[in-house]
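Let me begin by presenting the structure, written as structure tokens, before commenting on it.
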Amino acid sequence: MKLLALDTATEQMAVAVGVGESAWTHGSAGGALASATLVPTVLELLAQAGLGLSDLDAIAFGQGPGAFTGLRTAVSVAQGLAFGAGKPVLPLDSLLIVAEDARAQGALEDAPTEGPEALLWVAMDARMDEVYAAAYQRGPSGWEAVVAPHLSDLDTLQARWGQAPLRLAGNAPAAFGERLALPAGSRVWQTQQDRAGAALRLAREAWARGRGLPPEQALPVYLRDKVALTTAEREALKQGAGP
């Protein structure tokens with residue numbers, strides 16, 4: 001199994017190459033820098049692994065949700081490389097990458113098999129006083145999205161959580177502080193230690209399950225339909241006007 005995984009959905013850029021159980025990973029600042037540094041980083045990791053693009057079985061990419069520019073970068077690079085090499089793509093849920101990284105940190109070690117505490121919630125700062133959120137459970141067959149990725153305001157998300165203690169991964173608690181109050185007894189994994197390694201593990205699982213797609217089906221998951229107008233519309237709403 002020879003896979004390339006890349007993700008630029010957050011302020012981190014994560015790239016990994018896997019050959020069997022061996023892995024070459026890279027994590028660095030993303031954001032606006034990703035569009036200029038992603039391809040050179042991919043080529044450098046492939047060289048370290050002794051591979052060319054044609055040697056790969058598939059190319060995995062973080063499809064979102066996440067920052068608009070980051071998702072566009074990941075999708076365009078993955079699609080372009082896959083078209084050029086004649087390889088399939090593996091779309092990865094970018095919030096699930098956060099969950100998988102938290103799992104590697106022990107987030108599910110003592111989790112029950114059912115009930116609210118069996119879930120691992122992910123909450124990432126989406127800016128504009130909103131959060132990208134989802135809830136996952138991991139069983140014998142792998143990860144399952146119990147609550148699909150969605151865009152939420154703080155009040156709605158907290159109401160959905162209720163009062164049961166949470167297992168929560170992601171940067172939303174750090175971003176919002178006391179404004180995002182967590183139920184008593186909640187445990188939080190705010191820091192991603194190895195996003196590239198987490199993406200590669202998910203890519204391996206996706207490939208093993210036959211989830212490869214043709215390059216033309218490499219599409220991002222946007223949870224905001226009007227990216228350019230959102231700020232203006234929200235300001236209008238604050239003033240009591242419609243969009």
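The basis for the numbers below is simple: all heavy atoms, side chains too, and nothing from hydrogens, waters or symmetry mates.
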Worksheet item: To the nearest 0.5 Å, how far apart are CE in Met128 and CG in Asp153?
Response: 14.0 Å
Worksheet item: Looking at Ala74 and Leu6, what are the two nearest heavy atoms and their distance?
Response: O-CD1, 3.7 Å
Worksheet item: Is the CD atom of Gln163 crowded by more than 12 outside heavy atoms at less than 6.0 Å?
Response: no
Worksheet, complete the sentence: d(Leu154 CG, Glu130 CD) to nearest 0.5 Å is 8.5 Å
Worksheet item: Charged N to carboxylate O under 4.0 angstrom, Arg103 versus Asp101?
Response: no
Worksheet item: Side-chain donor-acceptor pair under 3.5 Å between Asp93 and Tyr136, yes or no?
Response: yes
Worksheet item: Do side-chain atoms of Thr41 reach the backbone of Thr37 as a donor and acceptor pair under 3.5 angstrom?
Response: yes
Item to complete: Would you mind checking if Arg204 and Glu100 are paired as a salt bridge, meaning a charged N to carboxylate O distance below 4.0 Å?
Response: no
Worksheet item: Going through the checks in order, is the side chain to side chain contact (heavy atoms under 4.5 Å, CB included) test met by Leu223 and Val221?
Response: CA-CA 6 Å; Leu223 296 182; Val221 172; 4.1 Å; yes
Worksheet item: When you look at Leu4 and Val42, which way does the side chain to side chain contact (heavy atoms under 4.5 Å, CB included) test go after all the steps?
Response: CA-CA 8 Å; Leu4 166 66; Val42 166; 3.7 Å; yes
Fill in: Interatomic spacing from CE in Met124 to CG in Leu95 - rounded to 0.5 Å
7.5 Å
Worksheet item: What's the shortest heavy-atom distance between Val89 and Ala78, and which atoms?
Response: CG1-O, 4.2 Å
Item to complete: Would you check if Arg138 and Leu108 make a side-chain contact, meaning some heavy-atom pair closer than 4.5 Å?
Response: yes
Worksheet entry | Ala148 versus Ala134, closest heavy-atom pair with distance | C-CB, 4.0 Å
Discussion item. I'd like to know if Trp189 and Phe176 are part of one continuous hydrophobic network [Ile/Leu/Val/Met/Phe/Trp/Tyr, side-chain heavy atoms within less than 4.5 Å].
Written reply: no
Discussion item. Any salt bridge linking Asp110 with Arg167? Criterion: basic side-chain nitrogen under 4.0 Å from a carboxylate oxygen.
Written reply: yes
Response to the item:
Taken to the nearest 0.5 Å, the spacing of Asp7 CG from Leu202 CG works out to 10.0 Å
Worksheet item: Are the side chain of Gln158 and the backbone N or O of Ala181 linked by a donor-acceptor pair below 3.5 Å?
Response: yes
Worksheet entry | Full working for side chain to side chain contact (heavy atoms under 4.5 Å, CB included) between Tyr132 and Val98 | CA-CA 11 Å; Tyr132 295 124; Val98 180; over 6 Å; no
Residues 47-67 side chain polar contacts: donor-acceptor under 3.5 Å, at least two apart:
from, atom 1, to, atom 2, distance (Å)
Gln48, NE2, Glu44, OE2, 3.4
Asp55, OD2, Gly52, N, 2.7
Asp57, OD2, Lys2, N, 2.8

Discussion item. Would you say CZ of Arg209 has more than 12 non-hydrogen atoms from neighbouring residues, nucleotides or ligands within 6.0 angstrom?
Written reply: yes
Item to complete: Could you tell me the separation between the CG atom of Leu180 and the CG atom of Leu182, rounded to the nearest 0.5 Å?
Response: 5.5 Å
Fill in: Any Ser186 side-chain heavy atom under 4.5 Å of Trp161 side chain
no
Fill in: Contact summary for Asn171 and Asp125, nearest pair of heavy atoms
OD1-N, 2.8 Å
Discussion item. Distance check, rounded to the nearest 0.5 Å: Lys87 atom NZ versus Leu3 atom CG?
Written reply: 11.0 Å
Cut-off 3.5 Å, no hydrogens considered: what does the side-chain donor-acceptor table look like for residues 10-31, sequence neighbours left out?
from, atom 1, to, atom 2, distance (Å)
Thr10, OG1, Gln12, N, 3.0
His26, NE2, Ser28, OG, 2.9

Practice prompt. Mind listing the closest non-hydrogen atom pair of Arg195 and Ala9 along with its distance?
Written response: NH2-CB, 4.2 Å
